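Data first, discussion second: the structure below is written as structure tokens.
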Amino acid sequence: MELSLAAALTGILMRRAVDWCIGVRLMPYAAHAWVEAEGTPIGEQEEPDRPFIVIART
């Protein structure tokens, strides 16, 4: 979570349009945070086997 927040703040300081996303998935439970630019996750797997459900996007 700390790395994604740092990446989002860096993007904001560089005047880039980025979204900071927090997601969850079940069976087994997992939470994850990431950064998106123009709807594309930055530095994430292209096709995750079990995608996360976005619960917050800022």
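Everything quoted here is computed from the prediction, not taken from an experiment.
- Interatomic distance, NE2 of H32 versus OG of S4, reported as 7.5 Å (0.5 Å rounding).
- In terms of hydrophobic clustering, with Ile, Leu, Val, Met, Phe, Trp and Tyr side chains grouped at heavy-atom distances under 4.5 Å, V35 and L9 are assigned to a common cluster.
- V18 approaches A8 most closely through the heavy-atom pair CG2-O, 3.7 Å.
- Of the residues V54, I55, T58, L5, the one that meets the side-chain contact (heavy atoms from CB on, under 4.5 Å) test with I22 is I55.
- The two atoms that bring G39 and P41 nearest to each other are O-CD, 3.8 Å, heavy atoms only.
- Within the structure, the salt bridge (charged side-chain N to carboxylate O under 4.0 Å, His left out) test picks out no pair touching residues 6-26 (sequence neighbours left out).
- F52 places a side-chain heavy atom less than 4.5 Å from the side chain of W34.
- Under the salt bridge (charged side-chain N to carboxylate O under 4.0 Å, His left out) criterion, the residue pairs touching residues 49-58 are E36-R57, with sequence neighbours excluded.
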